[in-house]
> 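Got a structure here, written out as structure tokens. Questions coming.
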Amino acid sequence: LNQVANPDAPIFGKNAPRSVEIFSCVDQDKLLDEAFSRDIDSYRFTYHGGPIYARFAGQGGDHTGPSYQDWERVGWLDSQTRSVTISTLLYTRDIEAFTSVAITFTYDRTGSISGSVNLKTLTDIDHNGTGGTFISLAVVSLVFCALGFILSSVVLVMFPKLRSAERIFDVVSQVALFVYLLYVVIAFAQLDPLKSDYQSLLDTFLNLHDFSHHGLIHAVEHFFEIKEHVYETVQWYANVSKVGYIIIYAQFVQLV
């Protein structure tokens with residue numbers, strides 16, 4: 001089924017003929033993966049290992065206007081769209097906080113639309129003066145874990161009669177805590193401060209001299225690189241917190 005244009009209506013505006021089909025059968029399990037799609041006049045980018053097609057709000061293409069109505073006319077939003085995400089990055093300078101905001105509208109196989117909001121904020125603890133305290137406490141904990149492991153191992157070796165499931169659990173939990181803290185200290189020392197990501201993202205736009213379509217493509221690509229790096233950093237903090245809770249719970253069970 002194709003849209004039929006009204007010959008008596010203006011050729012521009014809402015009555016302009018569409019360049020794509022209104023109704024068509026599509027494969028919902030196969031994603032578009034072309035480096036440049038002429039159908040939707042957009043370049044492919046990579047985000048979290050998958051292909052996405054993105055534009056800045058108000059950005060036109062080679063044969064597309066800058067408005068959402070223009071994007072819709074070429075099929076940028078149609079039955080083949082699986083999800084649409086409006087995303088941005090916010091940086092709060094006074095508290096050194098990076099906030100990733102993403103509003104996603106997802107289309108299912110029946111045609112219904114559901115929305116979700118993803119808000120992640122990461123604060124640079126070095127700016128608050130707590131980074132050094134964190135490292136110091138972690139190193140002290142490493143020392144006590146090593147001493148506890150040595151003492152527990154000596155007891156198990158020299159006094160076989162004292163061997164029990166509780167003491168073996170004690171040694172295993174101390175090793176787990178030591179490995180966890182050692183990983184956290186090394187990984188934390190390698191993390192870049194958030195202000196470096198912000199400065200890199202800011203330089204991309206301040207030093208952007210080519211405001212053409214292709215110049216903005218480079219800015220979009222760098223935007224996703226920074227956004228993915230911030231997302232991975234946030235996920236690292238979240239995963240470290242989850243593992244820390246599990247280990248602390250194991251230590252609590254040991255005390256009980």
Side-chain angles (χ1 to χ4, degrees), residues 46-50 52 85 87 89-92 95-102 104 116-201 224-256:
T46 301
Y47 186 57
H48 293 313
I52 61 171
T85 300
S87 179
L89 283 174
L90 302 176
Y91 180 75
T92 307
I95 61 175
E96 295 291 328
F98 231 135
T99 302
S100 173
V101 182
T104 302
S116 62
V117 178
N118 188 355
L119 184 67
K120 293 182 179 295
T121 300
L122 182 63
T123 303
D124 197 345
I125 64 175
D126 282 337
H127 176 75
N128 299 329
T130 57
T133 303
F134 171 77
I135 294 295
S136 300
L137 293 176
V139 172
V140 171
S141 300
L142 280 171
V143 173
F144 278 104
C145 284
L147 293 176
F149 170 74
I150 294 174
L151 292 176
S152 299
S153 301
V154 170
V155 170
L156 290 178
V157 173
M158 297 185 62
F159 304 97
K161 295 182 179 180
L162 297 179
R163 295 176 184 176
S164 61
E166 291 79 5
R167 291 194 176 275
I168 295 177
F169 177 79
D170 182 24
V171 174
V172 172
S173 63
Q174 289 172 350
V175 171
L177 182 58
F178 181 86
V179 173
Y180 165 75
L181 290 174
L182 182 62
Y183 165 75
V184 170
V185 170
I186 296 176
F188 182 79
Q190 296 176 349
L191 289 178
D192 295 327
L194 291 179
K195 58 184 178 182
S196 64
D197 289 330
Y198 170 73
Q199 188 64 42
S200 178
L201 185 62
F224 280 109
E225 290 178 358
I226 297 297
K227 184 175 178 64
E228 185 166 0
H229 182 265
V230 172
Y231 178 85
E232 290 175 352
T233 304
V234 172
Q235 284 298 113
W236 182 84
Y237 276 106
N239 294 335
V240 166
S241 299
K242 292 177 183 178
V243 175
Y245 289 143
I246 295 174
I247 293 179
I248 291 175
Y249 180 78
Q251 296 291 322
F252 174 77
V253 172
Q254 177 183 345
L255 292 175
V256 175

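Worth knowing before you read on, the calculation uses all heavy atoms, side chains too, and leaves out hydrogens, waters and symmetry mates.
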> Should V155 and L151 count as side-chain neighbours, where that means a heavy-atom distance under 4.5 Å?
no
> Quick one: pull up CD in Q235 and CD in E228 and give me the separation to the nearest 0.5 Å.
11.5 Å
> Taking C-beta and beyond as the side chain, do Y180 and V240 meet within less than 4.5 Å on heavy atoms?
yes
> Over 60° means perpendicular and under 30° means parallel, so tell me whether Y183 and W236 are parallel, tilted or perpendicular.
tilted
> What closest approach, in Å, do T85 and A102 show between heavy atoms, and which atom pair accounts for it?
CG2-CB, 3.9 Å
> Kindly determine whether F144 and F178 satisfy side chain to side chain contact (heavy atoms under 4.5 Å, CB included), including the steps that lead there.
CA-CA 9 Å; F144 278 104; F178 181 86; over 6 Å; no
> What I'd like to find out is whether the side chain of L177 reaches to under 4.5 Å of the side chain of S141, using heavy atoms alone.
no
> Under 4.5 Å between any side-chain heavy atoms of N118 and T104, yes or no?
no
> Rounded at 0.5 Å granularity, tell me how far CG in L137 sits from CG in L142.
11.0 Å
> Side chains of L156 and V171, heavy atoms from C-beta outward: is any pair under 4.5 Å?
yes
> Taking the side chain as C-beta and beyond, is there a heavy-atom pair between F224 and I52 under 4.5 Å?
yes
> Would the number of heavy atoms belonging to other residues, nucleotides or ligands and lying under 6.0 Å from CZ of F149 be above 12?
no
> Drop me the distance from M158's CE to S153's OG, to the nearest 0.5 angstrom.
12.5 Å
> Check for a donor-acceptor pair, side chain of Y47 on one end and backbone N or O of E225 on the other, with a separation under 3.5 Å.
no
> May I have the step-by-step check of side chain to side chain contact (heavy atoms under 4.5 Å, CB included) for L181 and C145, ending in yes or no?
CA-CA 9 Å; L181 290 174; C145 284; 4.2 Å; yes
